[in-house]
Amino acid sequence: MATHCKDYDFLQIEPHWQSFWDQTKAFRAENQSSLPKYYVLDMFPYPSGAGLHIGHPEGYTATDILARYKRARGFNVLHPIGWDAFGLPAEQHAVKTGTHPASNTQNNITNFRRQIKALGFSYDWDREVDTTDPKYFRWTQWIFLQLFKKGLAYVDERPVWWCPELRTVLANEEVVDGKSEVGGFPVERKNLRQWVLRITAYAEQLIDGLKDVDWPDSTKRMQEAWIGRSEGAEVLFKLEDPALGDLKIFTTRPDTLFGCTYMVIAPEHPLVDALTVPAQREAVKAYRFKTASKSDLERTDLAKDKSGVFSGSYAVNPINHERVPVWIADYVLMGYGTGAIMAVPAHDDRDHEFAVQYNLPIIRVIAAADGSTELPYTGDGKMMNSPGYNGLAWPEAKQQITAALAARHIGKGTINYKLRDWLFSRQRYWGEPFPIAWVSEADYRRAAAVRTDLPAQPVKFAENGVTQFALPLPDAALPLVLPDVQSYLPSGTGESALANETAWLEIWLEVTTGASVPATQPQPAGPNWVRARRETNTMPQWAGSCWYYLRYLDPQNSSAIASEAALKYWGVPDLYVGGAEHAVLHLLYARFWHKVLFDLGVVPQSEPFTRLFHQGIILGEDGVKMSKSRGNVVNPDDIISAYGADSLRMYLMFLGPLEAMKPWNPKGIEGVLRFLRKVWRECLSEEGEPNPRIAAGAVLSAATEKLLHETIKKVGDDIEGMRFNTAISQMMILLNALQKEPALPRQTMLDVLRLLAPFAPHISEELWARLGQTGSVMTAGWPVFDPNKLVANSVTIVIQVNGKHRGDVTVPVDVTEPELVKLASAQPKVIPHLTDKPIKKTIYVKGRLINILV
RNA sequence: GCCCGGGUGGCGGAAUGGUAUACGCAACAGACUUAAAAUCUGUGACCUGAAAGGGUGUGUGGGUUCGAGUCCCACCCCGGGCACCA
């Protein structure tokens, strides 16, 4: 079974055991099992052309240690991997070379798979998923259809970055300083028809669910901040011109209503024209033009300077009937709240800045607790200048004023979110096609008569005076696959390359089966054939990664995303490890989809990731982020051939806490290689035979025996707590002690190998076999420590005098305090500090220290 | 600006309020060797002292405590996130 190499020849040992694991399918997880389950998930990689980055094996080693450890502890472990393979680089490569992105993607996957296997990760390769596989994205499309039917998907015109030179739409991250990242061409905002998912409908649930998950606090906070819940009130201000009706504003501080001295509406607000008096018309027009031509970037960049223009109109403050001017300013955003605010310059930084700049009145309505008169004041305090509410604490007044407004039907308590609906379409070729066909209203009605799976409200879109209706393909027609195209270049009109594929795009559609023929052919006979145009947008890369953790449960299932039994047995991942860069988007989107699937009864739990951990970033040797241009990139292939996969795995874990950002030290890995060689030498002689020092009858010294049991305990605890660096230190300490023992009990070395196996599986398998054990070390269980062996019968107590360390003394564990004080006082090093000084008090920390106060 | 996380030897880092610097890297000295590699042993914060010892030390300044790297307050620096969200 084992190799026969004399020395620790990892280049021979590692491939040997990798093929053993492959052939025996050692890591296959069974869907039917009486064992408790443990599901440990990695964020699956995008298979880029550059191959594996050193950051991948960092997180993947951590989860692999957990997976192997949990198997040893008797769990049925699900540890899968797959490929998040749709994405921009593959498409750009296709545009450049004209080859299908699928072929390039498959090449990259082959390389990634080779690299990952070379690291010895214990993935169940029978469960590999690939988001670009039609058998997979069939279910991505299916989930989209469920959202669509639930009314959670709609179509809207939204601004996107458009680069005329590249004839393409760019993602935010592809635009740098108002220019395309590739080529540096100017980009502009362009309104295009987009699919949008109504994630805001789940805002409240997405906040609530965070209470129940074991995630890093910082990630929870980031999601909370992103969702941005704020409680306040909507208040109606009457406009002086009764013909214009009311101006509705949102405020979180209705209690400051008496301090409102002006109003602001966003430049895009629908009432701007109506509110602008003739004398202000030119100024307002100029201001709107100026703000409209600012990009979003500039608008936030120029955040320092407030600007605005008076509309010439006035509103009436509903609480005191004061006349307040209405201004137009771009510090108020149309996309949040109602696009209009009441300005309270005394108690809001932005309003204060604006009021000072345009010389608007400032009225204080909250008194500072410390009596200070500095403005703006945003702290706690009691109401003032607010007849009927003076003296109240402001949260109290907030409630009362909101209630008073509600009673008069001119306001109500509301909750606003910063979270926006999710822009879900891309004008790309290389993504999941939307299983949607656009038809006329009449044809949609015909479909509605024979289909029961349409949304309550039809999704429609008006363009050039024609309204098109979105007709979903029936579930049975999935997957809708990408057609082969002549060119991967976008159409040039803002649509994807799919818009040029007339035969795929323009079709006759059978509305009940989803069957289609090109529109150039005669309309097939039958009552349900209608003229349709397919959706040319594709889904963003997030789509496939939103639910892959569910597909792993039952990846071959062709009738559901996974069987009910699999969903019930495996549930959701017990541990999810991946980079903090996904703290918001991926993790929020996946939670959203999961909650929708939960509401549909597809999955049995409401949260997908119960325990989350972010691995830190590994920096280059020079302490800065690894990048090709800096030439500080570490390639896993090179490290494996020079030091072996076991050393790489060990070193990645030994570098420091998993969550920390830490620099790579090329010398450091030699330390763990030396350690592995030391383990090898303790097990085997120079001839590669079992080390004669190992004997069945050998006995460890008491101290080393204790250390062994401590190590078994600590390694187990540290793995569970994901403190792999200290687990490795402890094993090093143990090995250093074993090395000094005159002889080693065979069982001790077997325990060491079982402890080491999750970290360095290849060498552990090899030595396990070479010591004459049959079967894999992984199936040998986890060593058990004896709690009785952890307690020593004597301890070393630190002696302090007045809190200063003055020596130590070794005493029996059950020593009493008076005895100890006596022993301590007799210590030669202690005596000088006690002479002529009466002992006032002693403090004894059991088993640790005695502090004598004189 | 706001919200997080973090500052410990030459370096990565360790330390339930209880011997600061475990473990590893680098360095130096020694053993083995003709030699080298490998391996093993030892030394390793600073000041003072011949030594024993004494004193000072975990970003800075205060505080709580018998005792603080650890808890509290203020500040400085580094990293991450958000950014006119009313």
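Letters A, B, ... are given to chains in the order of the sequence lines, protein chains preceding strands, and every chain is numbered from 1. Predicted, not measured: the structure shown is a model, and the values here were computed from it.
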I need the [atom1]-[atom2] distance between [X] and [N], as an integer number of Å.
X	N	atom1	atom2	answer
Glu670(A)	C25(B)	CD	P	9 Å
Glu686(A)	U39(B)	CD	C1'	10 Å
Trp664(A)	G13(B)	CH2	P	14 Å
Phe675(A)	U39(B)	CZ	P	14 Å
Leu585(A)	G81(B)	CG	C1'	12 Å
Arg674(A)	A37(B)	CZ	P	12 Å
Met222(A)	A83(B)	CE	P	12 Å

Can a salt bridge be assigned to the pair Asp255(A) and Lys398(A) using a cut-off of 4.0 Å between side-chain N and carboxylate O?
->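 A salt bridge is absent here (no side-chain N lies under 4.0 Å from a carboxylate O).
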Should Leu652(A) and Ile54(A) be marked as a side chain to side chain contact (heavy atoms under 4.5 Å, CB included) after you check the CA-CA gap, both sets of side-chain angles, and the distance that decides it?
-> CA-CA 9 Å; Leu652(A) 284 168; Ile54(A) 200 77; 4.1 Å; yes
Among Val235(A), Leu257(A), Val264(A), Asp351(A), which one satisfies side chain to side chain contact (heavy atoms under 4.5 Å, CB included) with Met342(A)?
->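 When side chain to side chain contact (heavy atoms under 4.5 Å, CB included) is applied between Met342(A) and each of Val235(A), Leu257(A), Val264(A), Asp351(A), only Leu257(A) qualifies.
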Atom OG1 of Thr842(A) and atom CD of Gln800(A): how far apart are they, to the nearest 0.5 Å?
->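 The OG1 atom of Thr842(A) sits 12.5 Å away from the CD atom of Gln800(A).
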Under 3.5 Å between N/O atoms: give me all the protein pairs with nucleotides 54-59 of chain B, atom names plus distance.
from: G54(B); atom 1: OP1; to: Arg806(A); atom 2: NH1; distance (Å): 3.3
from: G54(B); atom 1: OP1; to: His833(A); atom 2: NE2; distance (Å): 3.2
from: G55(B); atom 1: OP1; to: Arg806(A); atom 2: NH2; distance (Å): 3.4
from: G55(B); atom 1: OP2; to: Arg806(A); atom 2: NH1; distance (Å): 3.2

ring-ring contact (aromatic ring centres under 6.0 Å, His included) partner of Tyr651(A), chosen from Tyr643(A), Trp664(A), Phe724(A) =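 Passing option: Trp664(A).
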C75(B) versus C82(B) - spacing of their C1' atoms, nearest Å |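 24 Å, rounded to whole Å.
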Please measure how far the C1' atom in C72(B) lies from the corresponding atom in U65(B), and state the result in whole Å.
->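 Their C1' atoms lie roughly 12 Å apart.
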Determine the contact category for Lys678(A): base if any of its heavy atoms lies under 4.0 Å from a base atom, sugar-phosphate if only primed atoms, P, OP1 or OP2 are that close, otherwise nothing.
->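 Sugar-phosphate: the residue Lys678(A), judged by heavy atoms under 4.0 Å, touches backbone atoms but no base.
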Base, sugar-phosphate, or nothing for Thr842(A), non-hydrogen atoms under 4.0 angstrom?
->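 No contact at all - Thr842(A) keeps every heavy atom at 4.0 Å or more from the nucleic acid.
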Would you tabulate the nitrogen or oxygen pairs shorter than 3.5 Å linking the protein to nucleotides 66-68 of chain B?
from: C66(B); atom 1: O2; to: Asn851(A); atom 2: ND2; distance (Å): 2.3

Less than 4.5 Å apart, any side-chain heavy atom of Glu621(A) and any of Val634(A)?
->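 Sidechains of Val634(A) and Glu621(A): no contact.
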Under 4.0 Å protein heavy-atom contacts per nucleotide of nucleotides 2-9 of chain B, with B for base, S for backbone only and - for none | -SS-----
Lys625(A) side chain near G79(B) phosphate (N/O to OP1/OP2, under 4.0 Å) |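 No.
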Scan residues 732-739 of chain A against RNA chain B and write down, sorted by residue number, each residue with any heavy atom closer than 4.0 Å; if none is found, say none.
->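 Contacts with RNA chain B under 4.0 Å: Met732(A), Ile733(A), Asn736(A), Gln739(A).
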Review item, nucleotides 14-16 of chain B N/O atoms under 3.5 Å of protein N/O:
from: A14(B); atom 1: OP1; to: Asn725(A); atom 2: ND2; distance (Å): 3.0
from: U16(B); atom 1: O4; to: Arg848(A); atom 2: NE; distance (Å): 3.3

So what does the secondary structure string of RNA chain B come out as, 5' to 3', with Watson-Crick or wobble pairs under 3.5 angstrom, [ ] for crossing and | for pairs with another strand?
-> (((((((..(((.....[....))).(((((.......))))).((((....))))..(((((..]....))))))))))))....
